[in-house]
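Structure record follows, encoded as structure tokens.
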Amino acid sequence: MKLLLSSQRHYSKLASLNLKTFENPQANAYKIIQYCKSGSLFEAIHVLNSIDWTKLSNKPFFYASLLQTCTKVVSFTHGIQFHTLAIKSGLDTDRFVGNSLLALYFKLGPNFFEARRVFDGLFYKDVISWTSMITGYVKVEKPKKSLELFLEMLGLGIVPNGFTLSAVIKACSELGDLRLGKCFHGVVMVRGFDLNGVISTALIDMYGRNSAVDDANLVFVELPQPDAICWTSIISAFTRNDVYDKALGFFYLMCRIDGLSPDGFTFGTVLTACGNLGRLKQGKEVHAKVITSGLSGNVFVESSLVDMYGKCRLVNQSQCVFDRMSIKNSISWTALLGGYCQNGDFESVIRIFREGEKADTYSFGTVLRACSGLAAVRQGKEVHCQYVRRDDPSLWTVLLGACAASPHSATAERIARKAMELKPDHHLSYVYLANVYRAVGRWDDAVKIRNLMTKRGVGKMPGTSWIET
DNA sequence: ATAGGGTTAG
């Protein structure tokens, strides 16, 4: 069996045969491992194809090494080939091969379904197999499932380690379960992981996201030598909890420490703090640091810059940064809109909104919130706005998007009807209205809208709504 | 001999 070497076809089969005859199998095995270690996947496969590798001893080790190399060099297709071969040899149930497969599917897929299949098929699941799955569930935003798996693991008598703990702490963070998070904090202390930067970062982040910024700070100050990520996580915790002055203070402290430098993550959060404080002078200082750090092309950092200048009432500067961005997304675009909104330039907001194609549900909401105030919509009152707010279907759609999540369906319904009347072929209006109905449990009406869409041949109804019911 | 973890923008 030869592996496909899609981009390396120049290796001739003839050469392979010669090698097979003359070279020492053990030397070849050693070569393969060396190539794997240095990330030279094609060279490893080349040697592999030149020998009779069905007779290799310790095959699980080879499969595991090769799979890890595929993951390392981001070659998913080769990884899948090795998976197929591993299945044929019955080695996909080996825990080393299996754990390497889990990494392949999580990191390169990400394909949770395949990963789960591999996991379920494992002959013996060790703490790494379990931790990989627990981490995987957190990554696909199923923190509850990840905690269930954790309990199942404990039930089998498998002892969690630092990797496992950092994953379950993250799950608590996502679930908003501060109490359970504190329990894990206790475990971390008892087990002596409290000086571990990675686990501490997970704890700081968990506390920061759950309004317990003081607890986050307690974890941070215990660290003898926090690394850049720990610093960023505490700065971010302060920022999330509107303790902007502390966030900035910690940022300046961090900049003064030898061997530490803020990265894109740090700048993203620090600029948010500057913007929310309206500190233009500091914001400009940070901007200068961004440039000298070579982070100008980072979409996160630049979106934060757009936001910061907008909040500091320098809309021109905000527009200027935006125009120079090489990569833009709906977030950068919404930050720009937000700046114009906050400065009362609604004309520009509407103009940019009409021109742009980067709208998402968040930007709909932001635009509306900034322009007319969401509170009025939530209360089911008529929205008074000079722009409609005319018989302009796109504006009605904006309105609808903003109040779709509102429990007051009457307003949403009225707006949706209006939008559908003005622009019957615009599928979003139908989708929004159906979502409104689903949100308030009017399933029959949601079905009616779906049928109406089909009848009129409008777009496609997505399988899931954005509103969790 | 081989596998798993933390931080960012509207």
Side-chain angles (χ1 to χ4, degrees), chain A residues 29-30 33 36-37 58-69 71 94-104 106-107 122 126-136 138-139 160-170 173 193 196-206 208-209 226-237 239-240 262-273 275 295 298-308 310-311 318 322 328-339 341-342 358-367 369-370:
Chain A
Y30 178 76
I33 298 305
C36 281
K37 277 187 181 161
N58 205 358
K59 271 207 278 189
F61 174 55
F62 279 89
Y63 276 107
S65 301
L66 287 158
L67 283 164
Q68 286 155 37
T69 308
T71 306
D94 176 87
R95 73 189 153 121
F96 288 114
V97 176
N99 290 345
S100 306
L101 280 168
L102 292 182
L104 176 85
F106 278 134
K107 288 187 177 160
L122 285 179
D126 63 11
V127 65
I128 298 183
S129 325
W130 283 95
T131 305
S132 299
M133 285 312 286
I134 290 168
T135 308
V138 177
K139 279 196 184 135
N161 58 25
F163 290 82
T164 329
L165 285 170
S166 64
V168 289
I169 290 167
K170 223 178 153 185
S173 173
F193 289 127
N196 177 318
V198 176
I199 298 179
S200 295
T201 301
L203 282 170
I204 293 167
D205 191 59
M206 184 269 294
R209 287 176 193 270
D227 66 9
I229 301 182
C230 290
W231 279 93
T232 304
S233 67
I234 188 65
I235 294 170
S236 151
T239 305
R240 277 183 210 286
D263 61 6
F265 290 78
T266 325
F267 283 118
T269 192
V270 167
L271 285 163
T272 305
L295 286 163
N298 182 313
V299 67
F300 284 84
V301 175
E302 298 204 302
S303 303
S304 311
L305 280 169
V306 171
D307 176 63
M308 184 273 291
K311 288 195 172 123
S318 177
F322 181 83
K328 295 167 190 167
N329 58 24
S330 65
I331 296 181
S332 14
W333 189 70
T334 310
L336 180 71
L337 287 181
C341 272
Q342 284 160 40
K358 295 197 185 296
D360 60 15
T361 37
Y362 190 101
S363 62
F364 282 134
T366 301
V367 170
R369 220 183 336 265

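Protein chains get the first letters and strands the later ones, always in sequence-line order, with residue 1 at the start of each. Values below: all heavy atoms of this structure, side chains included; hydrogens, waters and symmetry mates excluded.
Side-chain atoms of A/Asn161 stay outside donor-acceptor range of the base of B/dG5, with no qualifying N/O pair under 3.5 Å. Judged by distance alone with a 3.5 Å cut-off, no donor-acceptor contact links the side chain of A/Ser132 to the base of B/dG4. Interface remark: the A/Asp227 side chain does form a donor-acceptor pair with the B/dG6 base, using a distance-only criterion of under 3.5 Å. At a cut-off of 3.5 angstrom, the base of B/dA9 holds at least one donor-acceptor pair with the side chain of A/Ser303. Between the base of B/dA9 and the side chain of A/Asn298 there is no donor-acceptor pair shorter than 3.5 Å.
A close approach under 4.0 Å does not occur between any side-chain nitrogen or oxygen of A/Lys37 and OP1 or OP2 of B/dA1. Contact annotation: A/Lys170 reaches the phosphate of B/dT7 (side-chain N/O to OP1 or OP2, under 4.0 Å). For B/dT8, the OP1/OP2 oxygens have a side-chain nitrogen or oxygen of A/Arg209 closer than 4.0 Å. Contact annotation: A/Lys139 reaches the phosphate of B/dG5 (side-chain N/O to OP1 or OP2, under 4.0 Å).
Looking only at atom types and distance, the side chain of A/Ser304 has no donor-acceptor partner in the side chain of A/Thr272 under 3.5 Å away. Side-chain contact, A/Asn329 with A/Ser332: a donor N or O sits under 3.5 Å from an acceptor N or O.
As rounded to whole Å, 12 Å separates atom P of B/dG6 from atom CD1 of A/Ile199.
Inter-residue side-chain proximity for A/Phe322 and A/Lys328 is flagged as met; some heavy-atom pair is nearer than 4.5 Å.
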